[in-house]
Amino acid sequence: MKLPILLALSCYAYGVIAQDLDASLLSSRLKEIKKSIGIDHLQEEFNKLPFTTKTGNGTKLLADIQDKLAASLVRFKNVLDAVKDEVFQNENRFTTQTTLPHCCDKPGTYVYDPKFRKEVDFSTACVTKSPSSTPEAKYPHNTVSDIMKTQYDQNKNVLWQHYGTLEGVSIIYPSTYWNDCYNYDPRFRSPFAATASPKDKDVVILIDSSSSMKQISGVTSKSKMIIAKEAARTVIETLNPNDRVAVISFSSGVTVPTGDPNHDCYKDTLSFASKRNIDKLQEFVSLYIQESNTGNTNFENVLIKAFTYLGSTNDNVDVSTRDQVILLLTDGGSTEGRDPREVISDENAKLQNRVIMFTYLLGPGATNEMKQQLREMATQAKSKSYYGNIREGHFTYVDQNQHGRLSMEMATFYVHLHVPSRHVNTNQVFSIPYVDPFSERGLITSMCKTVHRYSGAMQGVSCTDVKISELLKEVEYFEERSSSYGFMIDNTGRALIHPLLSEPAFVEINEDPVLVDITSLERTSGTANIINSMKRGESGKKTLPNVYFTLPRGRLVNEGSRYLQYQATYFWGPVQNTRFYLCIVLREETHTVISEADFDISNSEMNNVFLYHNRSLTSDSQPKCRFNSRKVTLAQSATKFTPSAFSNPFQYIDETETELDVREYTDYLTRKKDQNPGFNDDVRATVWATYKAEQFWKKQPVSHLAWRYIGTKAGVFRVYPAVSLTKSYDHEKKTWWRETTSHPGMIYITSPYQDAWGSGILLTLAHTIFKRGSNQVTAVVGADFPLQYFSYFIDNIYPVCTTKDFKCMIIDDSGFLVIHQAFKETIDPKYFDDPKHITILEPAIADAMKQYGVFNSLTCEDLSTNKEFKSFRVTLPASRSTGLSFDQTDNKFDLRPVMDTNIFILRIAKGSILDGTTSSACKCDSNVQPDFRECNNNCNCICYTPIVYNVCTNVYTTTSADSSLPCSA
């Protein structure tokens, strides 16, 4: 039966409307719309579907993920070993010339690849040579390029393969081009340094700033101070986030970084080498270290300060497992204070002689006495071994004609920490996650090994890169049901993957990867013991009564997060041959999925059940027409998949789809063939189930609708009319999905927005679909309406709102406006790029609502930006569940909840004190986005407050009573 929505809505337009707003009228009409777009019908159909129960035994699930991770790591190790062995066996074939392309050149053979996110050439590797390399530096033989190509052909899960030598030469596969290639030096990259010297390091850099450092160096147009700063910055760049660092300049006195009022720890605390701390210390080196006007140097003062840094305590750091070093750079000897050799002896004795000294003396003009002093400082000639083993460091004299090599000499200090050849570590080293330097996007980790010569001396470092999201895909995409998740940490407790962290695939080069301690994310009481057990490498299982499950409510900075607490069980254990530790959290150990067995679907239905959205890859004969400025077909709906629909999500993400792929999809989903092209087990049945939506929509044509669609947790998305979508479209990442799933069982109405599919300014009505006999969301059905039509619809139901006496608006339960007079008066589509909040358009009403206790703020901590975001909730006390009348608000406003929805009708008298035309209430700046609007005490705005934490130690205060919970990602 044809049921036009226009008729369904307008048949009430001429009813008698009481002076008091009756929200049940709107609630009833919205329920009729809900029914007319098929939500009720689809819930009934899903209630009939055959579901099968799967027992998700937590111990077995954990073991399955551990085994898959271990198998992946073995494959990556095999790639790494093949390259390492090739380098070792062909060492004598390395030459000073090469026929391989240079990465600094850009030939016409490069083609963009979605996995590498760059133009590459898979036929060969490319090479680079550092500007500080000597002419005698040798390039790897072409066979290394060949073996890299062979390994990639056999294992497409790897990313970049690269080998760097101690001479500063690199070979990288696949061949690519990047702008800063000429300054690339493998020895200055943290994965190289961490592999050459695997122990975590504490490094204190001491830079002489006496007046003699103003002298011109052996590098054209650069003073000694300039090349000293360059060397210090290069040292800092070699460090990884497990390392700690401090910088001090000195002459007669000492100068240290001061930080800022919220983060003043740099002056006395070693800082973990996170991006933020590195940037701060680099800034100190560049801008605040200046030559003094005195020629005196006092080594005593600066050494005592350096040892103070190294002796500073951090409960989360075991210094016995770290290399602690001091790098001192000067152009002369100490002219004031005690004998620096005695100072080192006294201060290092307090630390059990665990500190290693490296000294660097810039020529010319250095006397033998100066050289002897600096050399004996490095060997700790006056230290006493009964306080602890003395580890000799290294003295380097850099004459004027060698000044250009100062950065290389200092930045490769770690080579002198390398273990003797008879104790060579053959285990692979995993780097701390970092942003891919070639594509400049996405977190990767490098699996690396040192390569040694036949003599046993270290030759270089070979690495195989892999995307963090691909390596840990079993964890990232783990979700047996709504209330389950997985996370992984390293041996320090740093979270590598967690649902509250940003997706690693989308971290940009200019962003600081969120490398926080897991305790900042896991706030449930009782998790501390679990985490400590994980860090000890143990396995276990424990049930906790009130585990936090954090869900997104929509746009994070606008709507905050939703928190649920359930009894849940933690299962944890190590990943074999790594320092990674895995945990999965299950609310229940059983769940249901749609089953193909006994699924009622006819042969004719099977033939029409699937049409792929990208019809350029299909040969269907469906007629095309133009619908709201887009080419569509009304004959069928279109189906699209998200990465979570595939057993290997990166099969979809990193590959360009072809006609063959779509043909295989079609054959499998329509049961012409049973060869599964990579889908999860429940995807085929889910496609069949969502076909029931298309059948309903085609039988029930409606007016004034743009799009109708259904998205499922299985990763299946169906839209009608059939339209092509971008490959990156993922309904589970969209605001409408997050908003609706955070309001299960309710009609959700969005704020107006400009349709990305070309249909103008729309609002969405959406509703969840539950699994049979449960409250678990399995899908969301939505329909899009033009704003103009929805406004007309509201005016017809409530004609009192169109009079000269009253001003009405509709807000959602976060305070965002759904209907407002300003929307009717605006013709600029860009006005709707961002939702409009009541604190922006109607600040006086927002203040009054807060005064009467129905508009309250909530906060959550976003650790990716170190901001505590404030959002709002419109809530009614139980005693006033039907709303507030004018009588109850001193004639200020009338607020009525629309039952079983997320919206409220709000009415004020025109010209009243709350009317925006006469109000003088504090107004939030509409030109500033919420995530850039800092909170103050004067206005109720969506805003942020900086999170104050120890930036040096990366420790957050998460246990105080006023500490907010972490935001959803």
Side-chain angles (χ1 to χ4, degrees), residues 183 185 187-190 193-194 200-209 213 225-251 253-291 301-303 305-312 314 317 322-330 355 358 360 406-414 432 434-435 437 509-516 866 948-955:
N183 294 318
D185 191 319
R187 299 165 296 185
F188 301 163
R189 297 182 67 237
S190 62
D200 297 331
K201 292 173 278 293
D202 293 338
V203 181
V204 182
I205 306 168
L206 315 180
I207 302 176
D208 184 350
S209 60
M213 294 293 283
M225 178 56 76
I226 289 176
I227 65 169
K229 288 183 176 185
E230 290 174 349
R233 288 195 297 268
T234 304
V235 171
I236 294 171
E237 285 296 327
T238 69
L239 304 178
N240 71 69
N242 271 352
D243 298 327
R244 299 186 297 173
V245 61
V247 183
I248 311 172
S249 70
F250 68 96
S251 54
V254 299
T255 303
V256 296
T258 57
D260 56 62
N262 290 332
H263 306 107
D264 63 352
C265 55
Y266 298 107
K267 68 180 184 296
D268 55 19
T269 306
L270 288 169
S271 307
F272 279 107
S274 64
K275 183 179 185 301
R276 177 171 183 164
N277 291 335
I278 285 177
D279 290 346
K280 189 68 180 181
L281 294 177
Q282 298 279 35
E283 178 186 273
F284 170 71
V285 171
S286 299
L287 302 180
Y288 297 103
I289 294 181
Q290 302 294 337
E291 304 93 332
N301 288 342
V302 72
L303 286 169
K305 184 64 178 177
F307 278 100
T308 301
Y309 271 103
L310 293 169
S312 62
N314 183 331
V317 176
R322 307 175 73 84
D323 282 328
Q324 293 196 303
V325 302
I326 294 174
L327 310 180
L328 184 148
L329 172 63
T330 182
V355 179
F358 289 81
Y360 304 86
L406 177 63
S407 290
M408 188 276 297
E409 293 290 350
M410 287 191 69
T412 57
F413 74 92
Y414 55 81
I432 304 303
Y434 62 100
V435 178
I509 193 71
N510 59 343
E511 297 176 348
D512 195 353
V514 186
L515 303 174
V516 299
N866 288 313
V948 178
Y949 71 108
N950 191 323
V951 67
C952 298
T953 60
N954 203 28
V955 172

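These numbers were taken from a predicted model, which means no experiment stands behind them.
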| Distance-only donor-acceptor check, side chains T330 and D208, under 3.5 Å |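 Note: T330 and D208 side chains meet the donor-acceptor criterion.
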
Are side-chain heavy atoms of [X] and [Y] found at a separation under 4.5 Å?
X    : Y    : answer
S312 : D268 : no
I236 : V247 : yes
V435 : K275 : no
R189 : P437 : yes
V256 : Y266 : no
R187 : Y414 : yes
F307 : I326 : yes

How long is the straight-line distance from [atom2] of [Y] back to [atom1] of [X], given to the nearest 0.5 Å?
X    : Y    : atom1 : atom2 : answer
E291 : I207 : CD    : CD1   : 11.0 Å
L329 : L406 : CG    : CG    : 5.5 Å
S407 : I227 : OG    : CD1   : 8.0 Å
E237 : D185 : CD    : CG    : 12.0 Å
S249 : F284 : OG    : CZ    : 4.5 Å
I248 : S209 : CD1   : OG    : 11.5 Å

| request: Search all heavy atoms of R322 against all heavy atoms of F272 and return the closest pair with its distance. | output: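 For R322 versus F272, the nearest heavy atoms are NH2-CE2, 4.4 Å.
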
| query | So, for E283 and Y288, which heavy atoms are closest and what is the spacing to 0.1 Å? | reply |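 Closest heavy-atom pair between E283 and Y288: O-CD1, 3.8 Å.
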
| task | Mark yes or no for whether D243, through its side chain, and N240, through its backbone, hold a donor-acceptor pair below 3.5 Å. | result |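 Pair found, side chain donor or acceptor close to backbone of N240.
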
| query | Does NZ or CZ of K305 fall inside the cone over Y309's six-membered ring, less than 6.0 Å from its centre and within 45° of the axis? | reply |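 Checked: cation-pi criterion met.
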
| task | Evaluate side chain to side chain contact (heavy atoms under 4.5 Å, CB included) for F250 paired with L206, printing each intermediate quantity in order. | result | CA-CA 7 Å; F250 68 96; L206 315 180; 4.0 Å; yes

| query | Under the criterion side-chain contact (heavy atoms from CB on, under 4.5 Å), which of T269, D202, L239, T953 is the partner of R244? | reply |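 For R244, the side-chain contact (heavy atoms from CB on, under 4.5 Å) test succeeds with only one of T269, D202, L239, T953, which is D202.
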
| task | Applying side-chain contact (heavy atoms from CB on, under 4.5 Å) between V204 and each of V245, L310, T308, report the one that passes. | result |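 Among V245, L310, T308, the one that satisfies the side-chain contact (heavy atoms from CB on, under 4.5 Å) with V204 is L310.
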
| message | Could you go through I205 and F413, starting from their C-alpha distance and side-chain angles, then the distance that decides it, and tell me whether this counts as side chain to side chain contact (heavy atoms under 4.5 Å, CB included)? | response | CA-CA 12 Å; I205 306 168; F413 74 92; over 6 Å; no

| message | Between the side chains of D323 and K201, is the shortest nitrogen-to-carboxylate-oxygen separation below 4.0 Å, so that they form an ion pair? | response |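 No, this pair does not count.
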
| request: Output, in order, the C-alpha distance, side-chain angles, deciding distance and verdict of side chain to side chain contact (heavy atoms under 4.5 Å, CB included) for V951 and C265. | output: CA-CA 7 Å; V951 67; C265 55; 3.7 Å; yes

| request: Kindly indicate, with the supporting measurements, whether the criterion side chain to side chain contact (heavy atoms under 4.5 Å, CB included) is fulfilled by S286 and K229. | output: CA-CA 7 Å; S286 299; K229 288 183 176 185; 5.7 Å; no

